[in-house]
Q: 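Before I ask anything, let me first share the structure, which is written out below as structure tokens.
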Amino acid sequence: MRVDVSEIFEILNEPQRNAVTSESKNLLVLAGAGSGKTRVIAHRVAWLIKAENINPHSILTVTFTNKASREMRGRIEDIVQEEMGNFWCGTFHGISHRLLRTHWEEAGLRKEFAILDSEDQYRVIKRVVKSMGLDDTKWPPRQIQWFINKQKDECRRSKDVEVADDYFAEKMTEVYKVYEELCERESLVDFGELLLRVYILLKSNEEVLKHYQRRFSHILVDEFQDTNEVQYQFLRLLADGGACFMSVGDDDQSIYGWRGAKSENINRFTTDYKNTEIIRLEQNYRSTSVILNAANAVIKNNQGRMGKELWTDQKEGEPISIYSAYNEDDEARYVVGSIQNWVNQGRSLDEVAILYRSNAQSRVLEEAILRESLPYKIYGGLRFYERAEIKNAMSYLRLLYGREDDAAFERVINIPPRGIGAKTIDIIRAKAAEKNISLWKACEELIDVEGLAARASQSIQGFMSSFNTLESDTRDLPLKDLVDMAIERSGLIEYHKKEAGEKGRTRVENLSELVGAARDFEPDSFDELEESALKMFIDHAALDAGETQASEHESAIQLMTLHSAKGLEFPLVFITGFEEGLFPHKLSIEDPNQLQEERRLCYVGMTRSMEKLYVTHAEMRNLYGSENFNPASRFLREIPDELTVEVRTGGNVSRTSKTSSSRVSGEVPDTNFKLGQRVVHEAFGEGVILNYEGEGANARVEVNFDTSTTKWLMVAYAKLQNI
DNA sequence: TAAAGTGAGGTTTTT
DNA sequence: CCTCACTTTA
């Protein structure tokens with residue numbers, strides 16, 4: 001039966017249509033910012049189903065974030081007008097998880113294996129470091145966690161790590177090994193492990209591999225430039241069965257190289273898969289031509305691009321406003337003033353985004369917004385399932401599901417406080433280690449032999465028996481009531497109620513929101529697996545930490561880092577802190593590759609803007625307690641002058657400042673020195689004047705010497721010479 | 001068991 | 001300089 005698919009076509013341009021209907025076995029779509037990349041994937045899936053009569057069951061669509069995967073599924077279902085329960089559309093991690101739940105046995109896991117989120121993983125690693133007798137100030141668990149994850153991203157087990165004479169790598173690999181053994185023993189799977197284990201499963205198990213190779217006739221991958229090694233290899237194994245493989249990405253928007261993403265995977269795709277058809281989506285539907293041309297001009301400075309130039313038939317639009325602020329307060333004031341102008345023109349606040357390179361910059365901006373009592377929403381805090389009170393409640397649920405969950409046990413054994421201190425826990429841990437059993441079992445044994453202080457013992461018995469009653473009381477209850485009862489009995493609500501002020505109240509609110517989340521929880525079509533709702537809820541919480549903030553649908557200014565702005569669009573965008581050392585960040589300036597990534601980040605930031613873009617920088621910025629005089633970002637010079645307009649000072653924003661106006665010129669009053677001046681000192685050598693206070697005979701200057709020491713010196717005594 | 005003190009660290013983040 | 005994690009202390 002032929003289905004009318006004209007609707008699929010109507011809204012697509014030619015390259016988009018070519019991508020959607022391509023019959024090539026291997027297809028690479030280079031999709032520029034705002035060129036309709038999600039639309040192309042969604043329509044292609046719809047096309048395959050409606051026009052080519054491909055069973056949704058045979059299609060695999062992979063994205064990076066849960067949000068993207070939800071959006072994708074939603075859009076596809078909108079087009080095909082039906083729900084597709086058996087269609088696999090998910091994140092790499094979600095899909096891997098699903099495969100492991102199905103093939104736990106072949107993968108060498110217990111049926112009830114638990115997922116460690118990064119905080120759980122951190123705690124486990126910390127415990128491992130301690131148990132190995134290592135000093136955790138010398139061996140920071142964070143760094144080891146990073147190391148281990150990096151190895152896993154690169155498909156390396158501890159035995160595969162090449163340490164090559166590097167003492168640190170050697171030691172960290174040892175920790176990796178012990179961590180590996182612990183996870184094996186307790187059947188714990190961290191995020192990296194989900195992928196690595198699936199990769200190893202497919203690679204070593206012919207039967208499972210063949211099954212999925214036969215099943216998936218079409219594989220579609222979004223944001224291909226963000227794939228890391230293990231993800232690439234995983235896809236490769238699946239596609240090697242002869243599936244049609246479409247990857248969509250943009251090398252110019254690769255901003256996650258620092259966490260293992262390899263944008264080379266785009267090039268690699270074309271060499272690994274012969275006769276790959278390449279389609280470029282270069283028409284941008286988002287931004288004015290001014291913004292687009294500026295972004296193009298900036299990204300042109302990068303080497304080794306796949307080649308792509310965005311164009312638009314939209315109007316030219318307003319020039320980009322450049323503002324050189326006196327300091328960061330002035331910058332923030334200017335931004336807020338401009339937003340008020342926007343509002344006065346009848347525009348709305350949720351059309352506005354303020355972007356910055358690093359989170360620390362948000363505070364000054366936040367304060368300026370607060371002063372004008374404008375509503376704002378800041379991205380980047382803890383997400384729902386990452387909050388302490390929620391993790392505590394989830395630990396109760398995890399323990400209810402499986403008493404062997406040590407991570408959960410440790411978390412809640414003394415929360416709320418029940419008189420079980422560090423000593424008692426040490427005894428329990430020692431027992432568990434000695435007998436190689438879980439903490440829960442160790443408690444049972446210790447109680448039997450009276451190996452604990454009477455009070456602690458009693459308290460633990462109470463704690464443990466409460467789980468047994470809870471279990472029998474919640475059997476056959478729907479998930480929502482189960483969660484409700486578990487939280488009620490945990491004592492967490494009472495505990496947080498006692499907390500002072502606002503904090504305790506929001507925590508109690510969050511706990512009841514968790515009950516709400518349980519009520520609304522729909523297992524994402526895991527139906528073929530016989531898994532309890534509770535377990536699915538627990539896994540869901542680990543794999544999808546939820547939104548950054550509870551969504552208030554009030555109109556608000558959006559504040560976020562350039563990284564988190566990727567994929568979003570706003571009519572009005574501010575990019576702040578456009579300064580050397582901040583953006584590009586000082587840690588990225590030396591390495592050409594990292595510098596190129598910074599430039600891509602700039603490109604991403606600029607292309608977020610639909611109508612109007614502001615770029616601001618501060619001549620002076622307080623950083624780590626001292627004043628910095630950063631030159632404007634090199635990216636600013638890469639924007640053609642004819643596309644910009646310099647905002648004159650004394651306009652809508654005043655330059656008021658606590659310090660005297662002479663500071664603007666940078667001259668140290670009644671001396672021969674000025675800020676930024678190079679000077680030489682008899683003992684310390686050459687340096688640059690960073691700051692000053694006082695004047696004339698009392699003037700002191702702060703000099704940053706080339707030996708990279710900074711000193712405050714009295715001008716009257718220091719015998720500084722101008723160079 | 002919470003409050004006060006100490007010390008390190010300060011780029012970007014998803015799963 | 002400010003924040004955060006962690007330790008010490010009343």
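Any value given below was found using the heavy atoms of this structure, including those in side chains, with hydrogens, waters and symmetry copies removed. Letters go in sequence order (proteins before strands), and every chain restarts at 1.
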Q: Compare the minimum distances between each of B:dT14, B:dT11, C:dC6 and the side chain of A:Tyr122, then state the nucleotide with the smallest one.
A: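 The answer is C:dC6, which lies nearest to the side chain.
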Q: Quick check: any donor-acceptor pair below 3.5 Å linking the side-chain of A:Ser564 to the base of B:dT12?
A: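 It does not, because no donor-acceptor pair links the side chain of A:Ser564 to the base of B:dT12 below 3.5 Å.
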Q: Please determine, for the side chain of A:Gln594, which listed nucleotide (B:dT14, C:dC6, B:dT11) has the closest atom?
A: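 In terms of side-chain proximity for A:Gln594, the closest of B:dT14, C:dC6, B:dT11 is B:dT11.
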Q: Where the side chain of A:His93 is defined as all heavy atoms beyond and including C-beta, which of B:dT1, B:dT15, B:dT12 is the nearest nucleotide?
A: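 Comparing B:dT1, B:dT15, B:dT12 against the side chain of A:His93, the answer is B:dT15.
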Q: Tell me whether A:Asp250 is salt-bridged to A:Lys37, with the criterion being a basic N under 4.0 Å from an acidic carboxylate O.
A: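 Looking at A:Lys37 together with A:Asp250, the answer is no, because their closest N to O distance does not fall below 4.0 Å.
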Q: Salt-bridge test for A:Asp117 and A:Arg383: reply yes if a basic N is under 4.0 Å from a carboxylate O, no otherwise.
A: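 Salt bridge between A:Asp117 and A:Arg383, a charged N being under 4.0 Å from a carboxylate O: no.
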Q: For C:dC2 and B:dT13, measure between their C1' atoms and round to the nearest Å.
A: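 Per the computed distance, 22 Å lies between those C1' atoms.
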Q: Using the aromatic ring of A:His563 (for Trp, its six-membered ring), decide whether it stacks on the base of B:dT12 within the limits of 5.5 Å and 30°.
A: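 A:His563 vs B:dT12: stacking no.
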Q: Determine: side-chain N/O of A:Arg383 to OP1/OP2 of B:dT14, distance under 4.0 Å, yes or no.
A: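 Yes, within the criterion.
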Q: Are A:Phe635 and A:Phe583 an aromatic pair by the rule of ring centers under 6.0 Å?
A: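 Yes: the rings meet the under 6.0 Å criterion.
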Q: Over all strands shown, is A:Tyr624 touching base, sugar-phosphate only, or nothing at heavy-atom distances under 4.0 angstrom?
A: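 Touches a base.
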Q: So that I can tick it off, tell me whether A:Asp426 and A:Lys423 are bridged by a salt bridge, with the cut-off set at under 4.0 angstrom between side-chain N and carboxylate O.
A: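 No, A:Lys423 and A:Asp426 are not salt-bridged.
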Q: Roughly how many Å apart are B:dT12 and C:dA5, using the P atom of each and rounding to a whole number?
A: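 Pairwise P distance, C:dA5 against B:dT12, rounds to 14 Å.
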Q: Could you tell me how far apart A:Leu382 (CG) and B:dT13 (P) are, to the nearest whole angstrom?
A: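 After rounding, the gap between these two atoms is 13 Å.
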Q: Taking atom C1' of B:dG10 as reference, at what distance in whole Å does atom CZ of A:Arg621 sit?
A: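 That distance rounds to 15 Å.
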Q: With a cut-off of less than 4.0 Å, is there a side-chain N or O of A:Ser588 near OP1 or OP2 of B:dT11?
A: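 No, A:Ser588 has no side-chain N/O under 4.0 Å of OP1/OP2 on B:dT11.
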Q: Taking CZ from A:Arg363 and P from C:dC4, how many angstroms apart are they, rounded to a whole number?
A: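 So the CZ-P distance, A:Arg363 to C:dC4, works out to 10 Å.
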Q: Strictly below 4.0 Å, N to O, side chains only: are A:Arg127 and A:Glu186 in salt-bridge contact?
A: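 The answer is yes: the pair qualifies as a salt bridge.
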Q: Without decimals, in angstroms, what is the distance between A:Glu328 CD and C:dC1 C1'?
A: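 Going from CD in A:Glu328 over to C1' in C:dC1 covers 11 Å.
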Q: Which is true for A:Asn359 with a 4.0 Å heavy-atom rule: it touches a base, it touches only sugar-phosphate, or it touches nothing?
A: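 Sugar-phosphate contact only.
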Q: Using the side-chain heavy atoms of A:Arg357, tell me which of these nucleotides is nearest: B:dT15, C:dC2, B:dT11.
A: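 From the listed options, B:dT11 comes nearest.
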Q: Quick check: on DNA chain B, is the nucleotide nearest A:Pro140 upstream (toward 5') of the one nearest A:Phe64, or the reverse? Name the residue that is more 5'.
A: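 First, find each residue's nearest nucleotide; the 5'-ward one identifies A:Pro140.
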Q: In whole angstrom, give the distance that lies between atom CD of A:Gln253 and atom P of B:dT13.
A: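 Between P of B:dT13 and CD of A:Gln253: 16 Å.
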Q: Of A:Lys586 and A:Phe92, whose closest DNA chain B nucleotide lies nearer the 5' terminus?
A: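 Between the two, 5'-proximity favours A:Lys586.
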Q: Counting heavy atoms from C-beta on, name the nucleotide in C:dC6, B:dT15, B:dT12 closest to the side chain of A:Asn66.
A: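 For the A:Asn66 side chain, the nearest candidate turns out to be B:dT15.
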Q: Could you tell me the separation between the OH atom of A:Tyr495 and the C1' atom of B:dA2, rounded to a whole number of Å?
A: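 Atom OH in A:Tyr495 sits about 10 Å away from atom C1' in B:dA2.
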Q: Pick base, sugar-phosphate or nothing for A:Lys126, based on heavy-atom distances below 4.0 Å to the nucleic acid.
A: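 If one applies the 4.0 Å heavy-atom cut-off, A:Lys126 turns out to touch the sugar-phosphate alone, with no base involved.
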Q: Taking only the side-chain heavy atoms of A:Thr65 (C-beta and beyond), determine which of B:dT11, B:dT13, B:dT15 contains the nearest atom.
A: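 Per side-chain heavy atoms of A:Thr65, the pick is B:dT15.
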Q: Taking the minimum atom-to-atom distance to the side chain of A:Arg259, which one of B:dT14, B:dT11, B:dT15 wins?
A: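 Given the options B:dT14, B:dT11, B:dT15, the side chain of A:Arg259 is closest to B:dT14.
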Q: Hey, are A:Arg197 and A:Glu184 close enough for a salt bridge, meaning a charged N less than 4.0 Å from a carboxylate O?
A: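 Between A:Glu184 and A:Arg197 there is a salt bridge, with a charged N closer than 4.0 Å to a carboxylate O.
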Q: Could you check whether A:Leu543 gets within reach of a base, just the sugar-phosphate, or nothing at all, counting any heavy atom under 4.0 Å?
A: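 It contacts sugar-phosphate atoms only.
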Q: Look up atom OG1 in A:Thr576 and atom CD in A:Gln361, then write down how far apart they are to the nearest 0.5 Å.
A: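 It comes to 5.0 Å.
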Q: Without decimals, in angstroms, what is the distance between A:Trp146 CH2 and B:dT14 P?
A: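 Going from CH2 in A:Trp146 over to P in B:dT14 covers 17 Å.
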Q: What is the distance, rounded to the nearest whole Å, between atom OH of A:Tyr379 and atom C1' of B:dT13?
A: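 After rounding, the gap between these two atoms is 15 Å.
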